[in-house]
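Here is the structure we will look at.
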Number of protein chains: 2
Amino acid sequence: MSTRPPQLSPTELAAYFAFTEVSSLLRHAVEKQLREAGKLSYVQFQLLARLRDAPGGSQRMTDLADDLVYSRSGLTYQAQLLEQRRLLTRAPSPEDERSTIAAITDEGREVLAKVFPGHIEVVSSLLFESLAEQDVEVLARVMTQVSGHLRANPPRSATRKRSSDSARRVSTREP
Amino acid sequence: MSTRPPQLSPTELAAYFAFTEVSSLLRHAVEKQLREAGKLSYVQFQLLARLRDAPGGSQRMTDLADDLVYSRSGLTYQAQLLEQRRLLTRAPSPEDERSTIAAITDEGREVLAKVFPGHIEVVSSLLFESLAEQDVEVLARVMTQVSGHLRANPPRSATRKRSSDSARRVSTREP
DNA sequence: TATTGTTATACTCTATAACTATA
DNA sequence: TATAGTTATAGAGTATAACAATA
C-alpha cells in the first residue's frame with residue numbers, strides 16, 4: 001500500500017481549510033435560498049433535479065439513494081414529502097414489481113424553474129464572482145479530477161453493497 | 001448590484017457540480033471518521049480545533065458561534081455535550097460577566113490528538129491523493145480567493161449584527 | 001435598553017431494524 | 001434466499017422565542 005505522509009503540507013492545509021469554509025458557507029446560502037424560494041431542502045432539490053435530468057423524468061428509488069449517498073429509508077421519507085406536495089409520483093416498476101419508480105411531475109418542474117434563477121444567482125455571486133475565467137477552468141479541472149478519484153475509490157462503507165452479479169456502471173468508458 | 005449573467009457557463013456548471021459532489025462526499029467521510037475515532041460530530045471537532053488554536057485555548061461563546069455560522073442556542077447545545085464529556089469547560093468572563101468563555105481541556109486536546117491522524121488520512125487520501133502538487137497550489141489559491149470574497153460579502157443574514165447604525169428600521173413593520 | 005447566554009420547544013433529517021412483497 | 005421498499009422508531013442537530021443576568 002502506498003503510505004500517505006502523516007502530515008498535510010502547508011499548502012494542503014491552506015487548501016483544505018479554505019475548501020471547507022467555502023463549501024460550508026455556500027451550502028448554507030444555497031439551502032437558505034432554496035427554502036425561501038421554493039420550500040425545498042437541499043436534498044429535495046437534488047432529488048428533483050436528478051429526476052428532471054433522468055430519461056423520462058424518472059428513476060428507481062434505489063438508484064436515487066445510491067447517487068445521493070442516502071439511506072433508503074431517508075429517501076422514502078423525502079419522497080413522501082415531495083409526493084404529498086405533488087412534485088413527484090411513485091409507482092411500482094412494470095418490469096420488476098419490487099421496484100418503485102419515482103417521476104417528477106409538471107408541478108415539480110415548475111418548482112424547479114421557480115427556484116433556479118435564485119439558485120444560479122447565489123452560486124454565481126458567491127462562488128464565481130471573484131474568480132477569473134481561468135480560475136474557473138482550473139477549478140473545474142481539479143474538482144473533476146478529485147470527483148473521479150472519489151468515484152473510483154468509494155469510501156469503504158459504500159462498497160459493501162454491489163457484490164457479484166450486478167456490477168455498477170462506472171462513468172469510465174472502456175474501449 | 002452588479003449584473004451577473006442569468007446562466008452559468010458550461011465550465012462554471014462543471015465546476016459547481018464537481019465541487020458540490022466532492023464537498024459532499026468528503027464531508028460524509030470526515031464525519032464518519034470523526035464519529036468512529038472520537039465520537040465527535042463535525043461541528044464538535046471544529047469547535048475543539050478552534051479552541052485549541054485560539055490564544056489560551058479559550059474563546060467567547062458568541063465569537064465561536066459567529067465563526068462557525070451557528071445559532072447561539074445550537075452552540076450552547078454542543079458546548080453542553082462537550083462539557084459533559086469534560087472536553088471543554090465554561091466559565092463566566094472576568095471582564096464581562098455576561099460573557100461565557102469556553103476553554104479546551106487536556107482531555108479535549110487528547111481527543112483531538114487521537115482523532116487527528118485518521119482525519120488527515122481521510123482528507124489526504126480523498127482530496128489530495130489524486131492531485132499533482134501544482135493542482136494543490138492552484139486549489140489553495142482559488143479557494144482562498146473565494147473564501148476572502150465570502151468574508152467580504154457575508155450572506156446578508158450574518159450581517160445584521162455589527163451595525164449599530166439604524167439603517168434597517170425602514171423595512172420593519174410595526175403594528 | 002442592548003447584549004450574552006441559556007432554556008424550552010418544535011421540527012427536520014438521518015439511520016437502524018423489523019417487516020412486506022416480490023424475484 | 002436475496003432484493004426493493006416501507007414503516008416504526010429513536011436520536012442528533014438546528015432554529016426560534018422567551019427568559020435571566022449583566023452592561
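Keep in mind that what you see is a predicted model, and the values were worked out from it rather than measured. Throughout, protein chains are lettered first and strands after them, A, B, ... in sequence-line order, and every chain is numbered starting at 1.
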Quickly work out the [X] [atom1] to [N] [atom2] distance and round it to whole Å.
X	N	atom1	atom2	value
B/Arg35	D/dG13	CZ	C1'	13 Å
A/Asp66	D/dT3	CG	C1'	13 Å
B/Lys39	D/dG13	NZ	P	14 Å
A/Leu47	C/dC13	CG	P	12 Å
A/Gln80	D/dA8	CD	P	10 Å
B/Leu68	D/dG13	CG	C1'	14 Å
A/Arg60	C/dT22	CZ	P	16 Å
B/Phe45	D/dG13	CZ	C1'	19 Å

Nearest listed nucleotide, side chain of B/Ser71, among C/dT7, C/dT16, D/dA15: D/dA15
Closest listed nucleotide, where the reference is the side chain of B/Thr76 and the choices are C/dT12, D/dG13, C/dT7: C/dT7
Cation over ring face, B/Arg52 and B/Phe116, 6.0 Å, 45°: yes
5' precedence on DNA chain D between B/Leu81 and B/Ser73 (nearest-nucleotide basis): B/Leu81
Step-by-step salt bridge (charged side-chain N to carboxylate O under 4.0 Å, His left out) determination, A/Asp96 to A/Arg60: CA-CA 11 Å; A/Asp96 186 338; A/Arg60 266 184 38 188; over 6 Å; no
is_close_aromatic(A/His119, B/Tyr16), centroid dist under 6.0 Å: yes
Short side-chain N/O contact to C/dT6 OP1/OP2 from B/Arg72, under 4.0 Å: no
Worked verdict on A/Glu137 versus B/Thr11 for side chain to side chain donor-acceptor pair (under 3.5 Å): CA-CA 6 Å; A/Glu137 285 167 17; B/Thr11 308; 5.3 Å; no
B/Glu107 bridged to B/Arg86 by N-O distance under 4.0 Å: no
Electrostatic pair B/Lys114:B/Glu110 at N-O distance under 4.0 angstrom: no
For DNA chain D, the residues among residues 88-99 of chain A that have a non-hydrogen atom under 4.0 Å from it: A/Arg90, A/Arg98, A/Ser99
Transitive ILVMFWY side-chain link A/Val142 to A/Phe17, under 4.5 Å: yes
